[in-house]
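First comes the structure, then the notes that go with it.
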Amino acid sequence: QVELVESGGGLVQAGGSLRLSCTTSGRTFTTYTMGWFRQAPGKEREFVGGITRSGDSALYADSVKGRFTISRDNAKNTVYLQMNSLKREDTAVYYCAAGVPPLIMTLKSSYPYWGQGTQVTVSL
């Protein structure tokens, strides 16, 4: 079992930046592939990106590629989502998730553990 807590959300103007953090409990952080998802009002929860256990590889959705960067600090049990050049359409609740398979999975059903989410609102 692992608990995940996101932080760093807030209100930002279009073109601005935010960094989300997701801190996990337990001593098994390095056994989990980590993912970031988001859910806008009235829409399905969608994959944003993920990072492997060691942090040596990341995968991004096309909609955020080149603007968002995922990293992790295994010593701090924390994964980050750096979001630059934010757009109105990035407005959503952002969730981090922990998955068991070593590959980065894009389906939300592949992740058994979830945080509570943090709101990101991008204004004009």
Side-chain angles (χ1 to χ4, degrees):
Q1 187 72 20
V2 61
E3 294 184 357
L4 298 88
V5 179
E6 301 98 334
S7 62
L11 175 64
V12 63
Q13 287 188 327
S17 298
L18 278 177
R19 188 178 80 156
L20 306 184
S21 300
C22 173
T23 301
T24 68
S25 64
R27 299 179 294 172
T28 59
F29 181 65
T30 54
T31 67
Y32 294 106
T33 298
M34 300 300 296
W36 284 97
F37 289 75
R38 67 186 182 186
Q39 188 166 17
K43 294 188 177 181
E44 292 289 321
R45 192 171 299 187
E46 65 175 2
F47 175 78
V48 172
I51 190 166
T52 54
R53 296 168 179 173
S54 65
D56 62 351
S57 181
L59 178 70
Y60 300 94
D62 287 343
S63 58
V64 306
K65 199 173 296 182
R67 300 187 297 123
F68 290 11
T69 303
I70 297 174
S71 61
R72 66 190 293 165
D73 185 336
N74 287 342
K76 296 182 178 180
N77 287 3
T78 301
V79 61
Y80 303 97
L81 179 65
Q82 177 67 45
M83 305 185 293
N84 299 329
S85 302
L86 283 161
K87 305 176 181 179
R88 282 290 303 274
E89 52 263 43
D90 295 319
T91 295
V93 177
Y94 283 72
Y95 299 88
C96 68
V100 175
L103 299 177
I104 299 170
M105 311 301 288
T106 62
L107 296 178
K108 57 182 183 290
S109 59
S110 299
Y111 294 83
Y113 306 112
W114 292 82
Q116 82 289 350
T118 186
Q119 177 71 47
V120 172
T121 303
V122 183
S123 65
L124 289 174

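Taking all atoms of both residues into account, the shortest heavy-atom contact from Pro112 to Ala98 is CD-O, 3.2 Å. Taking both residues in full, the closest heavy atoms of Gln116 and Leu4 are given as OE1-O, 3.6 Å, listed atom of the first, atom of the second, then distance. Between Thr30 and Arg72, the closest heavy-atom pair is CA-NH2, 4.1 Å. Considering every non-hydrogen atom in both Thr78 and Ser21, the closest pair reads CG2-CB, 4.2 Å. Residues Leu59 and Thr106 approach most closely at CD2-CG2, 3.8 Å, considering heavy atoms. Across every non-hydrogen atom of Thr28 and Thr31, the tightest pair is O-OG1, 2.6 Å.
For Ser17, the side-chain hydrogen bond (donor to acceptor under 3.5 Å, both in side chains) partners at least two apart in sequence or on another chain are Asn84. Taking Asp90 as the reference, Arg38, Arg67 meet the side-chain hydrogen bond (donor to acceptor under 3.5 Å, both in side chains) condition, with sequence neighbours excluded.
For an aromatic pair to be called close, the ring centres must be under 6.0 Å apart, and Phe47 with Tyr60 fails this.
Remark: of the listed residues Trp36, Phe37, Tyr32, Phe37 is the sole one forming a ring pair (Phe, Tyr, Trp, His ring centres under 6.0 Å) with Tyr111.
With a 6.0 Å cutoff to the six-membered ring centre and a 45° limit on the axis angle, Arg53 does not count as a cation-pi contact of Phe29.
Atom CD of Glu3 sits in a sparse spot, with 12 or fewer heavy atoms from other residues, nucleotides or ligands closer than 6.0 Å.
Ion pairing between a basic and an acidic side chain is recognised when a charged N comes within 4.0 Å of a carboxylate O; Lys108 and Glu44 show such pairing.
With contacts defined as side-chain heavy-atom distances shorter than 4.5 Å, the pair Leu124/Arg88 qualifies. Residues Phe68 and Leu81 form a side-chain contact, since some pair of their non-hydrogen atoms from C-beta on lies under 4.5 Å apart. Side chains of Leu11 and Ser123 form a contact here, defined as non-hydrogen atoms less than 4.5 Å apart. With contacts defined as side-chain heavy-atom distances shorter than 4.5 Å, the pair Gln82/Leu20 does not qualify. For the pair Thr118/Val93, no side-chain contact is recorded, criterion being any heavy-atom separation below 4.5 Å from C-beta on.
Although no hydrogens or angles enter the test, the distance criterion places a donor-acceptor pair under 3.5 Å between the side chain of Thr33 and the main chain of Pro101.
Follow the hydrophobic side-chain contacts under 4.5 Å out from Tyr80 and you never reach Val48; the two are in separate clusters. Note on Ile104 and Val79: separate hydrophobic clusters, where clusters join Ile, Leu, Val, Met, Phe, Trp and Tyr whose side-chain heavy atoms are under 4.5 Å apart, directly or indirectly. When the side chains of ILVMFWY residues are joined at heavy-atom separations under 4.5 Å, either directly or via intervening members, Val12 and Met83 end up in a single hydrophobic cluster.
The aromatic rings of Trp114 and Tyr95 sit perpendicular to each other, their planes meeting at more than 60°, with 30° as the lower class boundary.
Side-chain polar atoms of Glu89 and Thr91 form no donor-acceptor pair below 3.5 angstrom.
Note: Thr24 OG1 to Met34 CE = 6.0 Å, rounded to the nearest 0.5 Å. Taken from CD in Gln39 to OH in Tyr94, the straight-line distance is 12.0 Å, to the nearest 0.5 Å. Of the inter-residue distances, the one linking Ser110 atom OG with Leu103 atom CG reads 10.0 Å to the nearest 0.5 angstrom.
For residues 4-106, the set of pairs meeting the disulfide (SG to SG under 2.5 Å) definition, not counting sequence neighbours, comprises Cys22-Cys96.
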